[in-house]
Amino acid sequence: MQGANHSAVTQFILIGFSTFPHLQLMFFLLFLLMYLFTLLGNLLIMATIWSERSLHTPMYLFLCALSTSEILYTLAIIPRMLADLLSTHHSITFVACANQMFFSFTFGFTHSFLLTIMGYDRYVAICHPLRYSVLMSLHGCACLVAWSWIGGSVMGMVVTTAIFHLTFCGPNEIHHFACHVPPLLKLACGENVPVVAKSVGLVCITALLGCCLLILLSYAFIVSTILRIPSAEGRHKAFSTCASHLTVVVVHYGFASIIYLKPKGPQSLEGDTLMGITYTVLTPFLSPIIFSFRNKELKVAMKRTFLRKLNPEKI
């Protein structure tokens with residue numbers, strides 16, 4: 001399809017919160033606080049890992065990369081959403097919409113790939129502890145992180161190119177607070193729209209399910225190994241190293257399944273908006289809380305770092 005077809009629509013209008021006119025100020029304050037907490041929580045995790053030499057291990061390298069992807073993912077969507085909540089003009093240009101979709105999918109899938117790698121890291125640490133330093137070398141970990149970012153970028157490029165290669169004939173109202181795939185597909189016209197919709201859905205679901213299955217496979221081996229540990233204390237210690245990651249995985253894929261695996265049918269604008277909020281705002285908000293409170297080593301390091309800044313002469 002030729003690029004000239006894109007001239008039919010030059011901008012879109014985001015109307016995700018138009019059905020909550022009297023709640024927009026409350027939403028703005030709530031989402032702003034959650035966004036700031038998400039940023040501060042992830043930055044605190046990154047600063048703690050950077051300053052504590054005891055945390056310079058593969059698991060925390062991956063956690064640092066995960067926090068980075070989470071910050072960038074929320075940065076791609078939430079500031080624009082907050083501005084729209086205070087504005088009466090909700091228009092977004094064609095190019096800005098494409099950029100938002102690319103970056104949100106890039107950082108979102110990078111997040112999924114990093115969670116998969118963290119599951120593999122826990123598998124190696126528990127099932128093959130004697131080979132851990134070889135299998136999870138600094139160079140190997142750096143390559144895994146790099147490939148996660150490359151994979152996320154490829155997913156973002158594939159999805160964005162497929163969607164914005166379509167023709168948009170109008171109307172130009174996106175029934176969402178961000179440039180999301182399903183509402184954009186409803187605005188597209190042409191014989192190839194069903195094919196693109198199925199192809200994009202298949203690619204996204206395959207990538208998410210592939211990551212999910214790899215994580216489940218890692219934890220199947222982990223559980224099998226933990227059950228063979230003779231002491232209850234040893235089993236508890238082994239499982240405690242996985243608790244925070246497993247909790248985040250359940251939250252991440254739980255909300256992702258709501259978005260991508262929901263049954264087709266009539267859906268209200270209010271329902272779509274609230275479902276989008278769970279994955280865009282709530283999941284990133286919960287992630288640093290889970291890692292901070294469920295990971296004992298990180299929690300102790302955060303406390304030590306805070307006390308060092310507060311009373312440097314006593315540490």
Qualifying residue for side chain to side chain contact (heavy atoms under 4.5 Å, CB included) with Phe177, from Ile15, Thr280, Leu85, Ile78: Thr280

Leu66 vs Met118, side chain to side chain contact (heavy atoms under 4.5 Å, CB included): CA-CA, chis, key distance, verdict: CA-CA 9 Å; Leu66 193 76; Met118 292 175 76; 3.9 Å; yes

Any donor-acceptor pair under 3.5 Å from Ser137 side chain to Ser133 backbone: no

Test side chain to side chain contact (heavy atoms under 4.5 Å, CB included) applied to Cys97 and Ile163, Leu184, Thr160, the passing residue: Leu184

Thr48 side chain vs Leu298 backbone, donor-acceptor pair below 3.5 Å: no

Parallel, tilted or perpendicular: rings of Phe168 and Phe164 (30°, 60°): tilted

Shortest non-hydrogen contact from Met101 toward Val159: SD-CG1, 4.3 Å

Any donor-acceptor pair under 3.5 Å from Ser231 side chain to Gly234 backbone: yes

Aromatic ring pairing Phe109/Phe105, orientation class (parallel under 30°, perpendicular over 60°, tilted between): parallel

CE on Met136 to CD1 on Ile117, rounded to 0.5 Å: 8.0 Å

Contact summary for Met81 and Ile277, nearest pair of heavy atoms: SD-CD1, 3.9 Å

Intermediate values then yes/no, side chain to side chain contact (heavy atoms under 4.5 Å, CB included), Met155 and Phe113: CA-CA 11 Å; Met155 289 297 298; Phe113 297 149; 4.1 Å; yes

Side-chain donor/acceptor of Arg235 to backbone N/O of Ile229, under 3.5 Å: yes

Nearest atoms (heavy-atom pairs only) where Leu187 meets Ile174: CD1-CG1, 3.8 Å

Donor-acceptor under 3.5 Å (Ser287 side chain, Pro284 main chain): no

Thr116 side-chain N/O to Ser112 backbone N/O, donor-acceptor pair under 3.5 Å: yes

NE2 (His56) with more than 12 external heavy atoms under 6.0 Å: yes

Ring centroid separation Tyr123 to His128 under 6.0 Å: yes

Ile13 backbone acceptor or donor facing Glu173 side chain under 3.5 Å: no

Gap separating the CG atom of Leu72 from the OG atom of Ser104, nearest 0.5 angstrom: 12.0 Å

Heavy-atom closest pair, residues Tyr219 and His245: OH-ND1, 2.7 Å

Side chain to side chain contact (heavy atoms under 4.5 Å, CB included) evaluation trace for His175 with Lys186: CA-CA 9 Å; His175 288 211; Lys186 293 178 181 178; over 6 Å; no

Close side-chain approach of Trp149 and Phe107, heavy atoms under 4.5 Å: yes

Within one Ile-Leu-Val-Met-Phe-Trp-Tyr cluster: Phe37 and Leu75, side-chain cutoff 4.5 Å: yes

Approximate separation, where rounding is to 0.5 Å, of Thr57 OG1 and Phe62 CZ: 9.5 Å

Side-chain donor or acceptor of Asn42 paired with backbone N/O of Ile71 under 3.5 Å: no

Aromatic plane relationship, Phe31 with Phe27 - under 30° parallel, 30 to 60° tilted, over 60° perpendicular: parallel

Rounded distance [0.5 Å steps], NE2 in His180 versus CG in Leu14: 12.5 Å

In one Ile/Leu/Val/Met/Phe/Trp/Tyr side-chain cluster, 4.5 Å: Leu114, Val251: yes

Side-chain (Ser224) to main-chain (Phe221) donor-acceptor, under 3.5 angstrom: no

His176-Phe17 aromatic ring centre distance below 6.0 Å: no

Mutual orientation of the aromatic rings belonging to Tyr279 and Tyr73 [parallel < 30°, tilted 30-60°, perpendicular > 60°]: perpendicular

Shortest non-hydrogen contact from Val196 toward Ala162: CG1-O, 3.7 Å

Distance (rounded to the nearest 0.5 Å) between Ile45 CD1 and Ser292 OG: 4.0 Å

Atom pair SG (Cys211) and OH (Tyr253), whose distance is rounded to the nearest 0.5 Å: 4.0 Å

For the student: nearest non-hydrogen atoms of Thr283 and Glu70, plus distance: O-OE2, 4.4 Å

ILVMFWY cluster, Leu86 and Ile77 together (side-chain gap under 4.5 Å): yes

